[in-house]
S.K.: 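Could you have a look at this structure, given as structure tokens, before my questions?
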Amino acid sequence: MIGENLGPSSASPAPASEFVLWPRRETFEHGLLPIPKLIFSDGTQTLGPLKEKLLQASPSGRITATELASALQIPPDYARLALDTLASVHPADLDPNAGVDVHDLLLFLYIQTYKRLVMRTHKDPAAVADVWPSMSAFDGYFSSMSPIQLARSNSRRFMPSQSDEEAYQLSYLQKHMGNILTLLAESVKGDGDESLVLTSERFDHLGFLIQFGEGITLSQAAPFYTNLEPDMPVVSVPVAAVHEWVLQQICLALENNADKAKGNDPSTELDVDTGDACVNQSMSESSSSRNGSFNLSYAAKSRCQTFIEGISKASVVKQSTDIRGHSVKVLNCQDSVIYILAPLQYAIVYGCCDATIVLGAIGKAVRVEHCERVHVISAAKRITVANCRECIFFLGVNQQPLFLGDNNKLRVAPYNTFYSHLEAHMAQVGVDATVNRWDEPLALGPVDSNDAVSNPAGVSDVKAESTTQLDPELFTSFLIPNWFAGESPQTTNQNPFPLPEMYSSSLRRKHSNLSDIKQALRDLKLDENKKQDLASVLHVHFRDWLYASGTIRQLYYLQCE
């Protein structure tokens, strides 16, 4: 029931100097799906009637995968994928099996029209056309460059900075905010714009796309809904007034972003150049204003993320104490081993080649893009792979792995490692070791380069190249050195994900063969000269194996200690 309706005079926009708005990057980075029937380019013309249709099917406003599949006439698997993806980028912990709120679903469907920021391509694309896949609708600015060339050519000039991406996302929201608020609004008796109003509850759904700070709702930041007594009737504000105020906040955010990019406000800079082989963790410390509201420093910390960029022929180990924020980005690393042994919500691996990347426990989503000859080892809720080639993914995932775009020669295998804090980290972020869907990959159509500009996800009806399962005879355990020695004891002393029989039996055979070889060497009756010759031969073959298998990368870090 609609309560008190505040007119424009009583709901006039006011500056919110204590708050600075920014887009929720997770929604735009992990929330897009290249499924044609999820993309509504006409905005509210189709989504408005769809809202009514969904509410008729479910008056409670909770939409299940079955109801979504029926409303959009899409396969049930796609409907489940859509709800799982929505839950993975929602600021709250949602159970998609229980359904999602119709207003969150409408916002999720609306932003499927978002087109990722495209920067200028390599100055000589013909020179690298035979090395790297062609045009990618996910990231056109990387489409003609190999990972090695990216790492060697000051790649940050060819990719959008955090500041650029944030400004681009704010501009998208600025353009579409009127339609978005209309989808959230309720109708009341009145003329024109006065017939559409927003309650604080509806307005807070906008937190799926924008935020002022962790722990603070949008309605707490807006002047319309503040200082209300609990026993007061529900306040409804005209959409036009809310729209004007939100646009004002977006303009302020764009101005702040521009100042930040110019270096005029270093205390709020979130995208400090990391240079070569270093980690960006430069963030403001948390603080609060005297009246208890969250100010810019708290907001900056709440959106912090860790960058590991440009690592070459080295190993990097990051534990929980080394990580700032709840997300990590591994960019343009080559011929290295990266260990992220920490509980996180999001991870992105981009533009890496000839590397091994271990991601500890990721509670929301992992995304791997434009990588070549990379081994990714991850315990995560879900993973998306786009435009990669000749990579192997050792997975412990609770949802189907999703493969998008132009992938080539990819293999999947069950999770193959552990470290002492792994199970504690998995429990902290909600990854379930009893469920591993590594062998249920879902491949969507490859990128259509001719449609990359008009279509945000490069949708194509052509079936994508499927992944293959790693031959069990090639499966080995990956050993992580115990860097947690001396800390509080943890319980993980083996791989928490049960292995399929064909992989576990392969490991048993390898261990048995190794024991037989050790025993045979002990039984040999050799003089000292023969023993030295045998040791030399074994040393040569072992060294060759270290380089051929890439295991030599794991020793880089130990050599530096």
S.K.: How about Arg508 and Ser505: does a side-chain donor come under 3.5 Å of a side-chain acceptor?
M.R.: no
S.K.: Please examine the side chains of Arg411 and Phe393, heavy atoms only from C-beta on, and report whether any two atoms are closer than 4.5 Å.
M.R.: no
S.K.: Apply the side chain to side chain contact (heavy atoms under 4.5 Å, CB included) test between Leu404 and each candidate in Leu32, Leu444, Leu442; give the one that qualifies.
M.R.: Leu444
S.K.: Which class fits the ring pair Phe475 and Tyr503: parallel under 30°, tilted 30 to 60°, perpendicular over 60°?
M.R.: perpendicular
S.K.: Could you give the distance from CD (Gln162) to CZ (Arg25), rounded to the nearest 0.5 Å?
M.R.: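 Those atoms lie 5.0 Å apart.
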S.K.: With distance as the sole test, does Asn398 use its side chain to make a donor-acceptor pair with the main-chain N or O of Ala380 at under 3.5 Å?
M.R.: no
S.K.: Side chains of His425 and Tyr419 only: does a donor on one sit below 3.5 Å from an acceptor on the other?
M.R.: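 Yes, side-chain donor-acceptor contact under 3.5 Å.
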S.K.: Using side-chain heavy atoms (C-beta onward) and a distance below 4.5 Å, is Pro496 in contact with Met426?
M.R.: yes
S.K.: Should we say atom CD of Glu501 is surrounded by more than 12 heavy atoms from elsewhere, each under 6.0 Å from it?
M.R.: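 More than 12 heavy atoms, drawn from other residues, nucleotides or ligands, come within 6.0 Å of this atom.
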S.K.: What do the steps show when you test Phe394 against Leu470 for side chain to side chain contact (heavy atoms under 4.5 Å, CB included), and what is the final call?
M.R.: CA-CA 9 Å; Phe394 298 88; Leu470 181 69; 3.8 Å; yes
S.K.: Is a donor from one side chain sitting under 3.5 angstrom from an acceptor on the other, for Ser163 and Asn257?
M.R.: yes
S.K.: Between His421 and Gln428, is there a side-chain donor-acceptor contact under 3.5 Å, judged purely by atom types and distance?
M.R.: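 No, His421 and Gln428 have no side-chain donor paired with an acceptor closer than 3.5 Å.
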S.K.: Are the side chains of Leu68 and Leu105 in touch, meaning some heavy atoms are under 4.5 Å apart?
M.R.: yes
S.K.: Could you tell me the separation between the CG atom of Leu47 and the CG atom of Asn179, rounded to the nearest 0.5 Å?
M.R.: 9.0 Å
S.K.: How long is the gap from OH on Tyr350 to CG on Asn387, to the nearest 0.5 Å?
M.R.: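 Answer rounded to 0.5 Å: 8.0 Å.
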S.K.: Side chain to side chain contact (heavy atoms under 4.5 Å, CB included) between Leu33 and Leu402: does it pass, once the steps are laid out?
M.R.: CA-CA 10 Å; Leu33 290 172; Leu402 181 61; 3.7 Å; yes
S.K.: Under 3.5 Å, is there a donor-acceptor pair between the side chain of Ser506 and the main chain of Pro472?
M.R.: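 Yes; judged by distance alone, with no hydrogens or angles, the pair exists.
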S.K.: Decide yes or no for Ile340 and Ile308: does some side-chain heavy atom of the first lie under 4.5 Å from some side-chain heavy atom of the second?
M.R.: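 Yes, at least one pair of side-chain atoms sits under 4.5 Å.
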S.K.: Quick one: does any side-chain atom of Asn436 pair with a main-chain N or O of Leu395 as donor and acceptor, under 3.5 Å?
M.R.: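 Checked: pair present.
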S.K.: Would you tell me whether His30 and Tyr346 have side-chain atoms, one donor and one acceptor, within less than 3.5 Å of each other?
M.R.: no
S.K.: Quick test of your reading: applying salt bridge (Lys or Arg N to Asp or Glu O under 4.0 Å), list the pairs with at least one residue in residues 470-480, sequence neighbours left out, ordered by first then second residue.
M.R.: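 Non-adjacent pairs meeting salt bridge (Lys or Arg N to Asp or Glu O under 4.0 Å): Glu473-Arg509.
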S.K.: Quick one, Tyr114 with Phe28, criterion side chain to side chain contact (heavy atoms under 4.5 Å, CB included). Give me CA distance, side-chain angles, the key distance, then yes/no.
M.R.: CA-CA 8 Å; Tyr114 177 78; Phe28 297 99; 3.7 Å; yes
S.K.: Please determine if Arg367 and Glu26 form a salt bridge, counting it only when a charged side-chain N lies under 4.0 Å from a carboxylate O.
M.R.: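 No.
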S.K.: Rounded to the nearest 0.5 Å, how far does CD of Gln345 lie from NZ of Lys381?
M.R.: 8.5 Å
S.K.: Could you check whether any side-chain N or O of Gln211 sits under 3.5 Å from a backbone N or O of Pro23, counting only pairs where one atom can act as donor and the other as acceptor?
M.R.: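 Side chain of Gln211 to backbone of Pro23, a donor-acceptor pair under 3.5 Å: no, none is there.
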S.K.: Could you tell me whether the side chains of Tyr172 and Thr113 share a donor-acceptor contact shorter than 3.5 Å?
M.R.: yes
S.K.: Could you grab the distance from atom OG of Ser477 to atom CG of Leu507, nearest 0.5 Å is fine?
M.R.: 4.5 Å
S.K.: Would you call the rings of Phe478 and Tyr339 parallel, tilted or perpendicular, taking 30° and 60° as the class edges?
M.R.: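 The arrangement is tilted - the two ring planes meet at 30° to 60°.
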S.K.: Under the criterion side chain to side chain contact (heavy atoms under 4.5 Å, CB included), I'd like the reasoning laid out for Val368 against Cys388: C-alpha separation, chi angles, the key distance, then a yes or no.
M.R.: CA-CA 8 Å; Val368 182; Cys388 294; 4.0 Å; yes
S.K.: Look only at the side chain of Ser171 and the backbone of Gln169, and say whether a donor-acceptor pair between them is shorter than 3.5 Å.
M.R.: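 Not a single qualifying donor-acceptor pair exists.
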S.K.: Can any side-chain N or O of Thr356 pair as donor or acceptor with the backbone N or O of Val337 at less than 3.5 Å?
M.R.: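 Checking the backbone N and O of Val337 against the side chain of Thr356, no donor-acceptor pair under 3.5 Å is found.
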S.K.: For the side chain of Arg24 and the backbone of Phe208, is there at least one donor-acceptor N/O pair under 3.5 Å apart?
M.R.: yes
S.K.: Count the heavy atoms of every other residue, nucleotide or ligand shown that sit under 6.0 Å from NZ of Lys510, and state whether that count exceeds 12.
M.R.: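 Yes.
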S.K.: For residues 86-100, which side-chain N or O atoms pair as donor and acceptor with protein atoms under 3.5 Å away, sequence neighbours left out?
M.R.:
from, atom 1, to, atom 2, distance (Å)
Ser88, OG, Thr85, O, 2.6
His90, ND1, Ala92, N, 3.0
His90, NE2, Asp104, OD2, 3.1
Asp95, OD1, Asn97, N, 3.1

S.K.: As an exercise, state the distance from OG1 of Thr467 to NZ of Lys409, rounded to the nearest 0.5 Å.
M.R.: 15.0 Å
S.K.: Would you say Asn495 and Thr417 make side-chain contact, with heavy atoms under 4.5 Å?
M.R.: no
S.K.: Could you check whether any side-chain N or O of Ser327 sits under 3.5 Å from a backbone N or O of Ala347, counting only pairs where one atom can act as donor and the other as acceptor?
M.R.: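 Side chain of Ser327 to backbone of Ala347: no pair is present.
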S.K.: Hey, are Lys37 and Gln112 close enough side-chain-wise for a donor-acceptor pair under 3.5 Å?
M.R.: no
S.K.: Going by salt bridge (charged side-chain N to carboxylate O under 4.0 Å, His left out), name the residues that satisfy it together with Arg437, two or more places apart in sequence or in a different chain.
M.R.: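 Arg437 satisfies salt bridge (charged side-chain N to carboxylate O under 4.0 Å, His left out) with Glu440 once adjacent residues are dropped.
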S.K.: Do side-chain atoms of Asn416 reach the backbone of Thr476 as a donor and acceptor pair under 3.5 angstrom?
M.R.: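 Confirmed, Asn416 side chain pairs with Thr476 backbone.
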